[in-house]
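So that the names make sense, note that chain A is the first sequence line, chain B the second, and so on, each numbered from 1.
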Amino acid sequence: MFFKVSVIFYLISAIIYVAFLLRSKGTTCVSGFCVVVAGFITHTTSILHQFWIQGFFPMATPFDAMSLFAWGVMAIFLALQFWDRNPVLGAMAAPIAAVLMLIASTFSYQISQPIIPVLRSWWLPIHVSFAIAGNSVFTVMAMSGAMYILQERLIKRKQIGRFHKILPSLQTLDTFNRRALPIGFFFLTLGIISGALWASSAWGSYWTWDPKETWSLITWFAYAGMVHQRFAFGWRGKKAALLAIAGFFLVMFTFVGVSLFLGGHHSFVDLCRETVPA
Amino acid sequence: MTRTKLDFIVLGVNHTTAPVLVRERITFPGNQEGAVSRLVAQTKGVEECVILSTCNRAEVIAAVDDCEDVSERLVQLVAQIHGLGANSLMPHLYVKMKSEAIRHVFRVTSSLDSMVLGEPQIVGQVKAAFKRDAAANTTGPLINRLMHRAFFTAKRVRTETGVALAAVSIAYVAVELAKKILGELEQCQALLIGAGEMAELTARHLAGNVRKPIRIINRTIENACVLANEFEGTAEPMDRLFDALASADVVISSTGSCDPIIMFSDMKAVMKRRRFKPIFMIDIAIPRDIEPRVNDLDGVYLYNIDDLQAVVDENIGERLVEAEKAGDIVDEEVRKFMNWNRSLEWAPTIVALKNKFEEIRIGEIARLNGRLAPLSDTERETIDILTKSIINKIAHGPIAFMKQSLKTSRHNQHIDFVQRVFDLNTFVSGSESAEAQIADHETDHRN
């Protein structure tokens, strides 16, 4: 219920933001922002509601994980609003949140089977929080990267119009990348370590080269490479922005694609399969 | 019906009606203390006036009793003040009356009539002129009101439209672009190559934004030193060019060299030394100082004078679009002001009406004085309040009727009608007292 309302709010705000960019001449989209806040509040309520229903951290099912992911992205977006009320970021964050929520809603939130005991562990909130935090940071970083690429092109091609004016400066966007990269990387690392520790306590082995494990390691190496290039070789600006965007797709594949297409013991999709009523 | 209303008139020259040669002669000399304004205010038929004189315009704004009549006298006077013949002045002069005059004053103050549309200085200039003439006692309730509404309109235009937003000079555009590339410029290093006039102008504007001393490189070090003195920067010889480029964030180049002095390969090496830190290069020189291909390098943003001019042109276009919106705001404010101005027409009738009722009331109380004698003071007071309340209630009807009729084109007939129904003799009253009466009525009604 709350979840559906928040999806609608996110969709509406996405439409408002995009329409604002295309039509309006202003620099801050107040209506879009208000709807996003409304969506965020109902979304938070929906997560708390799930907590209450399940009696444990609502993080175990793909539905909950996607919802939490969208929540993380919106939380970072809203935090950034205090710093810069840029409508372009809203025009990316709101649709992405809406899409994540829609993906989540393809999974049913009526849990078909009792949650397996493995997931009833205190490792759950620790591991999932780190992983989601890392993913959210990388997602917003990719959005800022896209804004960088756009602004850079406009300046290079000397198209000094409305978009140029409402986009933040290259310096601002690059600074965001520089600050977000180590933070996201830190969370990703903790996510993988906590996952390994949990695996050891639950399945008896730290690392089994399960598809999820393999792909998160690939993601980790990709971001480790980015951190290294950025801080040791001074890769910045356009290159850093492009890498941030590429990294996002890798993150999305590891997070969603692996569970759906590659399976493995980290895939908990079954939890959400709707049981046909007898 | 007696005429009680004053009209506004504006006459003057500006950058569109008069060439510089004429404009520079019409400056109302000796008006620092408002002496000329006083002279104008003493002209027959002129009640109040303000004189505005800037480098692009010279105007007399006045409240007069008869526009047609006074305009001729004013033209003569302005010609006389400047030792010109009225005939040589006439072709350059514009005369605006009534609502057109009000609109003109609002447009001028809102910078919609400026040579550079939306330039911010004009409000200050109008304010200064008004302050000076108010001190010289040549303004009154009408001009005061007109000026305050003009400043209010200017404020609305500034906050509700983008007429003053987009940068419309090369120097401003360059600095705005630099901010979009480099963020806040305070910690940036600016480098000036060569010493052309345009480069100097841009550098001067840039210097207001950066805190580090500007580096200046020139073929002749002496000239660089002169500029360095002026900008409190540092002067360096030409052979330090690439070192300077490696540490600069904004570069303005305008040497007189026939061949480019910064080639693609040079810049490629420089970018490596900079670890690809972005650099904003402005090439103002003709022929070019920087090979255009340099713009293809990652992190180099090269703009030449034509690129900057194109942005300026686009921004001017944007201001024009915004100016249309501003025109609507001006229209709205002119309408509001005209309504107020018209209200002065019926104010004397209201005064007469109220006076008449009050006369009747006092007369009747006086007539019954004998019978009222035994009453106590409080009882007499009650009768006073009661009778006052009755006449206010009766007066409210016709007053509301006249106010309502302001919105129609037949308000003059309606006022006349009220006068005849109540057999009023309106008298000429100062507009200030009329205004006070209107305010009175409004507070009365609220009570």
So for [X], is it side chain, backbone, both, or neither that comes closer than 4.5 Å to the heavy atoms of chain A?
X: Leu182(B); result: backbone
X: Asp296(B); result: backbone
X: Leu308(B); result: neither

> Can you tell me if Lys158(A) and Asn304(B) form a side-chain donor-acceptor pair at under 3.5 Å?
Replying inline: no
> Can you tell which of Gln171(A), Lys238(A), Arg236(A) makes a side chain to side chain contact (heavy atoms under 4.5 Å, CB included) with Pro278(B)?
Replying inline: Arg236(A)
Could you tell me whether [X] atom [atom1] has more than 12 heavy atoms of other residues or ligands within 6.0 Å of it?
X: Phe264(B); atom1: CZ; result: yes
X: Phe242(B); atom1: CZ; result: yes
X: Glu332(B); atom1: CD; result: yes
X: Phe185(A); atom1: CZ; result: yes
X: Arg153(A); atom1: CZ; result: no
X: Lys336(B); atom1: NZ; result: yes

Side chains of [X] and [Y] in contact at under 4.5 Å (non-hydrogen atoms):
X: Leu170(A); Y: Phe280(B); value: no
X: Lys180(B); Y: Leu154(A); value: no
X: Glu152(A); Y: Tyr301(B); value: yes

>> Let's test your reading of the structure: which of Ile181(B), Val311(B), Asn315(B) forms the most heavy-atom pairs below 4.5 Å with chain A?
In response: Ile181(B)
> Just by modelled atom types, is the Val300(B) backbone N or O under 3.5 Å from a matching donor or acceptor in the Lys156(A) side chain?
Replying inline: yes
How many angstroms lie between atom [atom1] of [X] and atom [atom2] of [Y], to the nearest 0.5 angstrom?
X: Ile155(A); Y: Asn295(B); atom1: CD1; atom2: CG; value: 10.5 Å
X: Leu177(B); Y: Ser169(A); atom1: CG; atom2: OG; value: 12.0 Å
X: Glu184(B); Y: Thr172(A); atom1: CD; atom2: OG1; value: 8.0 Å

> What's the verdict on side-chain contact (heavy atoms from CB on, under 4.5 Å) for Glu176(B) and His164(A), showing C-alpha distance, side-chain angles and the deciding distance?
Replying inline: CA-CA 11 Å; Glu176(B) 287 206 340; His164(A) 164 80; over 6 Å; no
>> What part of Leu173(A) gets within 4.5 angstrom of chain B, counting heavy atoms only: side chain, backbone, both, or neither?
In response: neither
